[in-house]
Amino acid sequence: MTQPTDIRRDGHRPLLLDLFSCAGGAAVGYARAGFAVEGCDIADRPNYPFPRHQGDALAYLAHLIATGEIRRYAFVHASPPCQHGCALTVGTNASQGWGRAHVDLVAPTRELLDATGLPYVIEQPNGRAKIRKDLTLCGEMFGLGVIRHRNFELGGWTIVQPAHRPHRGRVRGYRHGQYFDGPYVAAYGNGGGKPSVPELQAAMGIDWTDVREELTEAIPPAYTERIGRAALAMFAPALGVAA
């Protein structure tokens with residue numbers, strides 16, 4: 001990890017904590033918006049392009065709160081694992097009769113984020129995850145090659161919801177043995193007409209990792225760049241930075 005800096009000194013980018021950071025799709029968007037970023041993920045993510053801590057994200061956040069180190073940060077983004085509520089996982093498990101239990105980390109994540117006193121974002125895909133859908137973004141809003149709807153709960157601040165743009169066609173791939181073409185690629189799984197890694201990188205706007213798992217789990221940076229710019233515009237005076 002880098003040494004702590006005073007985020008509120010003029011000339012410094014506000015520091016953002018990126019929890020459950022994976023390979024940095026969200027992080028790159030926030031950096032493009034004007035934040036300095038530090039990540040935390042339980043897995044070793046050598047492709048993550050910013051300083052990072054490897055470990056349990058909630059334990060790390062609790063440590064930062066207990067020690068007061070959380071005051072180094074201006075903002076927190078969290079993308080807790082979504083298998084408990086993801087529509088794809090829930091539907092597949094139900095159809096196959098697997099019934100596998102997944103841990104829901106959204107509620108404990110929110111509890112700790114509220115304890116920080118900082119503005120925050122919790123991100124989740126469509127499904128049963130219990131978050132407020134204060135903001136919903138789609139790849140078509142940014143001219144991307146994926147649909148990839150994502151919902152964001154905003155803690156301590158607000159943002160304008162952009163109008164949803166109609167999709168231009170189908171997601172390319174096989175459905176029930178039939179192949180469909182379309183302007184979007186499927187940013188999940190393998191087989192069934194799924195895109196190549198280069199196609200997935202181009203569709204998501206991600207070029208710093210070529211690991212399929214990391215790409216399929218990522219948020220397109222365009223999403224968090226929009227969120228980050230809105231957050232900086234709202235909080236810039238308090239942080240002593242230019243909006």
Side-chain angles (χ1 to χ4, degrees), residues 1-2 16-57 60 77-83 86-89 92 102 105 121 123-127 137-152 167-175 179-228:
M1 295 287 293
T2 57
L16 181 144
L17 178 60
D18 178 24
L19 298 172
F20 310 96
S21 55
C22 194
V28 167
Y30 285 118
R32 290 174 180 169
F35 283 97
V37 181
E38 293 178 356
C40 178
D41 198 277
I42 199 166
D44 183 20
R45 300 290 187 181
N47 291 320
Y48 190 78
F50 305 106
R52 60 189 172 91
H53 171 84
Q54 185 178 350
D56 181 273
Y60 185 57
H77 174 99
S79 295
C82 63
Q83 288 88 350
C86 174
L88 288 171
T89 302
T92 299
H102 292 282
L105 295 180
V121 168
E123 174 270 332
Q124 289 286 281
N126 281 338
L137 297 177
C138 167
E140 184 58 36
M141 296 175 179
F142 305 93
L144 298 177
V146 290
I147 293 178
R148 207 157 188 77
H149 293 113
R150 287 296 181 269
N151 302 307
F152 302 87
H167 300 162
R168 290 171 286 123
R170 299 187 65 108
V171 175
R172 191 185 80 199
Y174 285 93
R175 301 291 184 277
Y179 181 82
F180 296 92
D181 201 0
Y184 309 104
V185 299
Y188 56 87
N190 288 290
K194 298 297 191 301
S196 67
V197 166
E199 287 177 319
L200 194 50
Q201 289 174 312
M204 296 278 287
I206 293 175
D207 61 5
W208 62 90
T209 178
D210 58 1
V211 178
R212 179 177 287 273
E213 177 201 2
E214 293 179 346
L215 289 163
T216 58
E217 291 182 1
I219 304 171
Y223 292 15
T224 46
E225 182 175 357
R226 171 169 288 188
I227 293 170

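- Taking all atoms of both residues into account, the shortest heavy-atom contact from P81 to L105 is CD-CD1, 3.6 Å.
- In terms of heavy atoms, A26 sits closest to T224 at O-OG1, 2.8 Å.
- Here CZ of R52 is found 12.5 Å from CD of E38. Values are rounded to the nearest 0.5 Å.
- Applying ring-ring contact (aromatic ring centres under 6.0 Å, His included) to H77 and the options Y30, Y223, F20 leaves one that passes, Y30.
- Between the side chain of E140 and the backbone N or O of I147 there is no donor-acceptor pair closer than 3.5 Å.
- In this structure, L200 CG and R212 CZ are separated by 6.0 Å, a value rounded to the nearest 0.5 Å.
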Residue pair L137, I227: steps toward the side-chain contact (heavy atoms from CB on, under 4.5 Å) verdict: CA-CA 10 Å; L137 297 177; I227 293 170; 4.3 Å; yes

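- H149 NE2 to N126 CG: the interatomic distance, rounded to the nearest 0.5 Å, is 6.5 Å.
- Side-chain contact, Y184 with H167: no donor N or O sits under 3.5 Å from an acceptor N or O.
- Residues S21 and Y48 meet the side-chain proximity criterion, which asks for heavy atoms closer than 4.5 Å.
- Across all their heavy atoms, E217 and C22 have their closest contact at OE1-SG, 3.3 Å.
- Rounded to the nearest 0.5 Å, atoms CG (L215) and CD (E199) are 12.0 Å apart.
- For the pair Y188 and P125, the minimum side-chain heavy-atom distance is 4.5 Å or more.
- Closest heavy-atom contact between A187 and R148: O-NH1, 3.0 Å.
- The two residues P221 and V28 make their nearest non-hydrogen contact at CB-CG1, 4.1 Å.
- More than 12 heavy atoms of other residues, nucleotides or ligands sit less than 6.0 Å from atom CZ of F180.
- Formation of a donor-acceptor pair under 3.5 Å by the Q124 side chain with backbone atoms of P80 is found in this model.
- Note that CZ of R226 is 11.0 Å distant from CZ of F152, once rounded to the nearest 0.5 Å.
- The shortest non-hydrogen separation linking G55 to C40 is O-SG, 3.6 Å.
- Ring geometry for H53 versus Y60: interplanar angle under 30°, hence parallel rather than tilted (30 to 60°).
- One distance of note links CG of D181 with CZ of R172; it measures 7.0 Å at 0.5 Å rounding.
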